[in-house]
Amino acid sequence: MSTTSETNAPARPATKAGKGGASAAAPRRTFAVISHPDAGKSTLTEALALHAHVLSEAGAVHGKAGRKSTVSDWMDIERDRGISIASTALQFHYNDHVVNLVDTPGHADFSEDTYRVLSAVDCAVMLVDAAKGLEPQTLKLFRVCRHHGLPVITVINKWDRPGRDPLELFDEIEEQIGLRPTPLTWPVGIAGDFRGVLDRETGDFVEFTRTAGGTTRAPERHVPAAQAALDQGDEWTTAVDEHELLAADGANHDQELFLGGITTPVVFASAKLNFGVSQLLSTLLELAPAPSARPDVEGTPRPLNDEFSALIFKVQSGMDQAHRDRLAYARVCSGVFERGMVVTHAATGKPFTTKYAQAVFGRERVSVDTAYPGDVIGLVNAQALTVGDTIHTGERVQFPAMERFAPEFFSVMRAKDAGRYKQFRRGVEQLEEEGVVQVLRSDLRGDQAPVLAAVGIMQFEVVEQRMKSEFSCPVTLERLEYNLARRTSAEDAPTINAASRVEVLQRGDGVYLALFPDRWRADSVARNNPDALLAELPAGGM
Ligand code: G4P
């Protein structure tokens, strides 16, 4: 991806080709970091950016002072809770490669969103706090990665602080998620006394040196084993013993097993001190897969060298309080994107001029001139685009629709002031298109009182807040007694709807959902109507 800082350059005439993405795709690595809140995701992102010279000092993107406000102060709810709902992508160049780091939402209530973001990457970095081990959110996110077939690289973070025994952490990873850890580096010094790592490939000691406050790149020195034994004494001997133990146990990296989701390469790090960051970057460059041909709805892989195509995995508005614009995030799947290019919106067949395309990270935006497979671009004011859409040039291609998760919370939404119906409708439409919440409708309830269906309760808070601040339409939300949804058909809807304590509504994508107070009720209705369709939906709780 190449960028310029000008944002108002005129649109270029449509380019005919947009072909030739394969050679540019090879050096690209597109990944996301998955972790439980507080494991150090933001700190690691900064450390990576610092290492790649995107930043001159850690904290400039979203460091301590600015973290809660700089990245995502576009919504009060994020600021109040210190969580990040907005997805962003950071791109940097490192050792002849282009690295795209796509940010994931920080809270489990936004699992649908996370699922979509993870559909845009080729690899995941699982960040584990050395003292806490695998935490609930890490486990949930890992399951999403498995669902997407993403290879996972593990970082054991905060090794500068007292923590658990590394082999014990590995047992936990293997037992709880079934991934076999194959460490690439091994710590020298127990957790809390992080001196450096043993590079398991070369056998050398990589010594780290602290810098003041960890705000600049930590100097590294590669020391041959014999010298390390003299300098580090018992700490080095222990590391070597453990490394040999692992080798005897077959815990060595195997690329095929890694890509097949059987093993996970592991590096040890302290994101805060910038220790182990270059090892992580090398691992990404050497082991993480480059973008590959993505299968379309028919299952035919779209060659990287084909004409331009991209998948919209996130739509977001209101990121910039001053402009209230709407950004559609697209992952380039094939070909070359050029600013000003006229692309086709696969769902409608209509042309769309990509006049303004941006790279977005935190509050930083730069205009994108060209982008290649694996890159993430933010298309500005892309009103027609919704989550899961495909855009392309040349012959029509459509990537599979994004799965919607089973909602578990249901509320009727009404405008506080009935006179603001126009704003109400606009808001509902927008939030539905962004996939902030699922919107269900029925003739009985009417358009003024749609039912909102959520996977996590916090989604309602986001809706309430945005309806008020963005659409000037304060709303009331009234929780319904339902807790479970099953998919039914237009044909069966009237029969199911006639059962007591059951309601059938239609979602924006046309799917009919039958809502039940509990599983018992759903099973009983299914038994009484054996010929009716009542299918389970993908589990929202991941
Ligand atoms: P998150 O994005 O995953 O939620 O985590 P974040 O980076 O915000 O880090 C959470 C806390 O953990 C921060 O502490 C951060 O400094 C600390 N941290 C992250 N990585 C490391 C590490 O490798 N070693 C140590 N010792 N700490 C780490 P905080 O108290 O919220 O802020 P601060 O005062 O430390 O800046």
Side-chain angles (χ1 to χ4, degrees), residues 31-51 55 57-73 77-90 101-110 114 117 124-142 153-164 166 169 185 187 189-197 208-218 220 266-281 361-362 458:
F31 75 103
V33 179
I34 57 167
S35 71
H36 194 85
D38 269 351
K41 193 171 69 159
S42 314
T43 312
L44 180 69
T45 304
E46 278 158 19
L48 288 167
L50 180 74
H51 215 88
L55 300 177
E57 200 171 279
V61 174
H62 44 187
K64 190 187 170 196
R67 183 177 304 142
K68 293 342 186 232
S69 59
T70 317
V71 173
S72 51
D73 69 351
I77 188 169
E78 290 186 300
R79 193 169 42 222
D80 294 348
R81 292 177 184 255
I83 56 167
S84 165
I85 299 168
S87 300
T88 49
L90 171 70
L101 166 52
V102 186
D103 197 13
T104 49
H107 195 282
D109 275 14
F110 304 102
T114 305
V117 170
V125 167
M126 179 168 77
L127 195 59
V128 177
D129 183 320
K132 296 184 179 153
L134 287 179
E135 296 176 86
Q137 173 75 350
T138 326
L139 284 170
K140 284 184 177 179
L141 290 165
F142 168 74
I153 294 167
T154 300
V155 175
I156 308 283
N157 190 34
K158 305 196 185 180
W159 200 256
D160 59 299
R161 282 213 309 221
R164 291 168 51 186
L169 285 168
T185 63
I190 56 164
D193 177 26
F194 197 8
R195 302 171 181 203
V197 290
F208 300 136
T209 305
R210 283 179 188 243
T211 61
T215 53
T216 51
R217 279 169 73 148
E220 272 181 32
V266 183
V267 294
F268 287 80
S270 164
K272 190 169 178 173
L273 300 181
N274 297 305
F275 287 5
V277 179
S278 72
Q279 285 73 25
L280 172 60
L281 278 167
F361 188 71
M458 230 199 266

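When a ligand or atom number is given, it counts from 1 through the structure's own listing order. Model, not experiment: these values are computed from the prediction.
Taking every heavy atom of P37 and a limit of under 4.0 angstrom, the matching atoms of ligand 1 come to 4 (O). Applying the 4.0 Å criterion to heavy atoms of S270 picks out, from ligand 1, the atoms 22 (C), 23 (O), 24 (N). Atoms of ligand 1 lying under 4.0 Å from at least one heavy atom of D38, given by number and element, are 1 (P), 3 (O), 4 (O), 5 (O), 10 (C), 12 (O). The distance from ligand 1 to the heavy atoms of K41 drops below 4.0 Å at these ligand atoms: 1 (P), 2 (O), 3 (O), 5 (O), 7 (O).
Residues L101 and V33 have side chains in contact (heavy-atom distance under 4.5 Å, counting atoms from C-beta outward). No side-chain heavy atom of L139 sits under 4.5 Å from any side-chain heavy atom of L141.
Considering backbone and side-chain N/O atoms, A271 comes within less than 3.5 Å of an N/O atom of ligand 1.
Between L273 and A218, the shortest heavy-atom distance links the atoms O-CB, 3.5 Å.
Under 4.0 Å from ligand 1, the heavy atoms of N157 that appear belong solely to its side chain. Residue contacts with ligand 1, taken as heavy atom pairs separated by less than 4.0 Å, involve A39 solely via the backbone atoms N, CA, C and O. Contact annotation: for K158 versus ligand 1, heavy atoms closer than 4.0 Å belong to both the backbone and the side chain.
Between K158 and D160, none of the side-chain N atoms (NZ, or NE/NH1/NH2) sits under 4.0 Å from a carboxylate O, so this pair counts as no salt bridge.
Of the candidates F275, F208, F268, W159 forms a ring-ring contact (aromatic ring centres under 6.0 Å, His included) with just one, namely F268.
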### Message
If you apply the rule salt bridge (charged side-chain N to carboxylate O under 4.0 Å, His left out), what do you find for D103 with K41, and how did you get there?
### Response
CA-CA 9 Å; D103 197 13; K41 193 171 69 159; 3.2 Å; yes

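Summarising the contacts of atom 15 (C) of ligand 1 with T43, V33, N274, the nearest heavy atom is found in T43.
Remark: the Q137 side chain and the S35 side chain contain no N/O donor-acceptor pair separated by less than 3.5 Å.
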